[in-house]
Amino acid sequence: MDYLKYSLISVVMFLAAPSFAENVNFYNYSYGVSYQTLSVNDINEGSELDMQVDDMAHSIGIYYKGEPRSFYQFAIGLDYVYIEDDNPFSEEVKNAITGEVESRESDVTGTSIYGELGLISKDHLVENFTIGALAGYRYNNISRSIFRCSSCEEQELDNFKSSGYIKPFIEYQFTRRIHVQLSYSHYFNDEGFENSIGLHISFMSL
């Protein structure tokens, strides 16, 4: 599936590049922060391959978004993901500052990198209002580990697959610099994320 990830990122960069060769409205390019709640689907639940994680995940992240033309949008982003561990392990961990030894349990955490692009329609229903649908690819790197412990055991969750997805959304431009987007994403994979609801806030123009 890696070729899908690299192909999507290449297409995003190809579509974005021509806009910089022309007179660009730089307010169409912005950075932002996001929060998503994601449902987890594990087809191996109850078997020896069960990932033993909660069925809900949470992510916070940063992203870069652009609209080189009035009819399409692209974004690339990085998320930090947290999932409650249904089968944690524990280890004795020494505090590097105080020297105190304490027992700490594992969490399921990781990062996701994504790229997406698609068609949009602006101002047809309400002024400053945008609707659209983006296709994307999310690369997941999720593991079970103990936070801030480099020498502790770490279990890679290889069954937590990366996936393509489709994301319809609505977006409203409150000011010239602040855009708020509410989205729903559906992932095309049986092992990993199934769907999500996200809030993206673009707060600073390039």
Side-chain angles (χ1 to χ4, degrees), residues 1-20 24-41 56-79 81 111-140 160-206:
M1 296 294 288
D2 283 347
Y3 75 94
L4 290 176
K5 174 181 66 175
Y6 295 122
S7 296
L8 177 62
I9 293 173
S10 297
V11 170
V12 168
M13 298 306 295
F14 174 78
L15 291 174
S19 61
F20 291 99
V24 176
N25 177 2
F26 284 99
Y27 289 101
N28 290 340
Y29 298 83
S30 60
Y31 296 94
V33 295
S34 65
Y35 167 78
Q36 293 187 74
T37 177
L38 309 101
S39 64
V40 177
N41 187 24
M56 294 298 296
H58 304 273
S59 75
I60 56 174
I62 56 175
Y63 67 93
Y64 173 72
K65 183 187 76 172
E67 295 179 4
R69 300 290 186 273
S70 62
F71 57 88
Y72 76 88
Q73 182 183 107
F74 74 89
I76 53 177
L78 172 66
D79 286 346
V81 180
T111 55
S112 290
I113 301 172
Y114 63 88
E116 57 192 22
L117 62 90
L119 300 176
I120 61 175
S121 177
K122 302 173 71 72
D123 298 332
H124 292 305
L125 298 176
V126 179
E127 187 177 2
N128 298 328
F129 186 79
T130 300
I131 60 173
L134 308 180
Y137 185 86
R138 176 182 285 268
Y139 172 77
N140 300 310
F160 211 104
K161 303 299 184 183
S162 303
S163 177
Y165 61 91
I166 186 73
K167 185 181 91 170
F169 71 89
I170 58 175
E171 182 176 291
Y172 189 76
Q173 180 179 348
F174 285 93
T175 71
R176 197 175 187 188
R177 291 181 179 271
I178 299 178
H179 302 223
V180 176
Q181 182 185 105
L182 181 65
S183 65
Y184 169 84
S185 299
H186 175 74
Y187 298 87
F188 301 107
N189 203 307
D190 292 330
E191 298 176 282
F193 296 130
E194 183 176 20
N195 52 62
S196 66
I197 296 176
L199 177 67
H200 295 70
I201 302 175
S202 302
F203 61 91
M204 182 177 68
S205 298
L206 184 68

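The structure places CD of Glu194 at 12.5 Å from OG of Ser185, a figure rounded to the nearest 0.5 Å. The distance from atom CD of Gln181 to atom OH of Tyr172, rounded to the nearest 0.5 Å, is 15.5 Å. One distance of note links OG1 of Thr37 with CG of Asn195; it measures 9.0 Å at 0.5 Å rounding. Atom NE2 of His179 sits about 7.5 Å away from atom CG of Asn28, to the nearest 0.5 Å. Here the OG atom belonging to Ser162 is positioned 11.5 Å from the CD atom belonging to Glu191, to the nearest 0.5 angstrom. Tyr137 contributes atom OH, which lies 15.5 Å from atom OH of Tyr114 (distance to the nearest 0.5 angstrom).
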Hey, mind stepping through Leu117 and Tyr72 against side-chain contact (heavy atoms from CB on, under 4.5 Å) and telling me if it holds? CA-CA 7 Å; Leu117 62 90; Tyr72 76 88; 5.6 Å; no
Hey, mind stepping through Val180 and Phe174 against side-chain contact (heavy atoms from CB on, under 4.5 Å) and telling me if it holds? CA-CA 8 Å; Val180 176; Phe174 285 93; 3.6 Å; yes
Take Phe160 and Val40 through the side-chain contact (heavy atoms from CB on, under 4.5 Å) test and state the conclusion after the steps. CA-CA 9 Å; Phe160 211 104; Val40 177; 4.0 Å; yes
Applying side-chain contact (heavy atoms from CB on, under 4.5 Å) to Phe129 and Ile170, what does each step give before you reach the verdict? CA-CA 7 Å; Phe129 186 79; Ile170 58 175; 4.0 Å; yes
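At a threshold of 4.0 Å, the pair Arg138-Glu116 does not count as salt-bridged, since none of the basic side-chain nitrogens sits closer than that to a carboxylate oxygen.
Counting only heavy atoms from C-beta outward, the side chains of Gln73 and Leu134 approach each other to under 4.5 Å. Looking only at side-chain heavy atoms (C-beta outward), Tyr63 and Ile76 stay at 4.5 Å or farther from each other. Between Tyr29 and Pro68 the shortest side-chain heavy-atom distance falls below 4.5 Å. Residues Ser121 and Phe71 form no side-chain contact, since every pair of their non-hydrogen atoms from C-beta on lies 4.5 Å or further apart. Side-chain contact between Ser112 and Phe193 is present, with at least one heavy-atom pair separated by less than 4.5 Å.
For the residue pair Asp79/Gln36, the side-chain donor-acceptor check at 3.5 Å is satisfied. With hydrogens and angles left out, the side-chain atoms of Gln173 and Lys122 include no donor and acceptor closer than 3.5 Å.
The 12-atom threshold is not exceeded at CD1 of Ile197, counting heavy atoms of other residues, nucleotides or ligands nearer than 6.0 Å. Other residues, nucleotides and ligands place no more than 12 heavy atoms under 6.0 Å from the CD1 atom of Ile60.
Judged purely by atom type and a 3.5 angstrom limit, Asn140 uses its side chain to pair as donor or acceptor with the backbone of Lys161.
Among residues two or more places apart in sequence or in another chain, the ring-ring contact (aromatic ring centres under 6.0 Å, His included) test is passed with His58 by none.
With ring centers used as reference points, His186 lies 6.0 Å or more from Tyr184.
Ring-plane geometry between Tyr165 and Tyr187 is classed as tilted, the angle between the planes lying from 30 to 60 degrees on a 0 to 90 degree scale.
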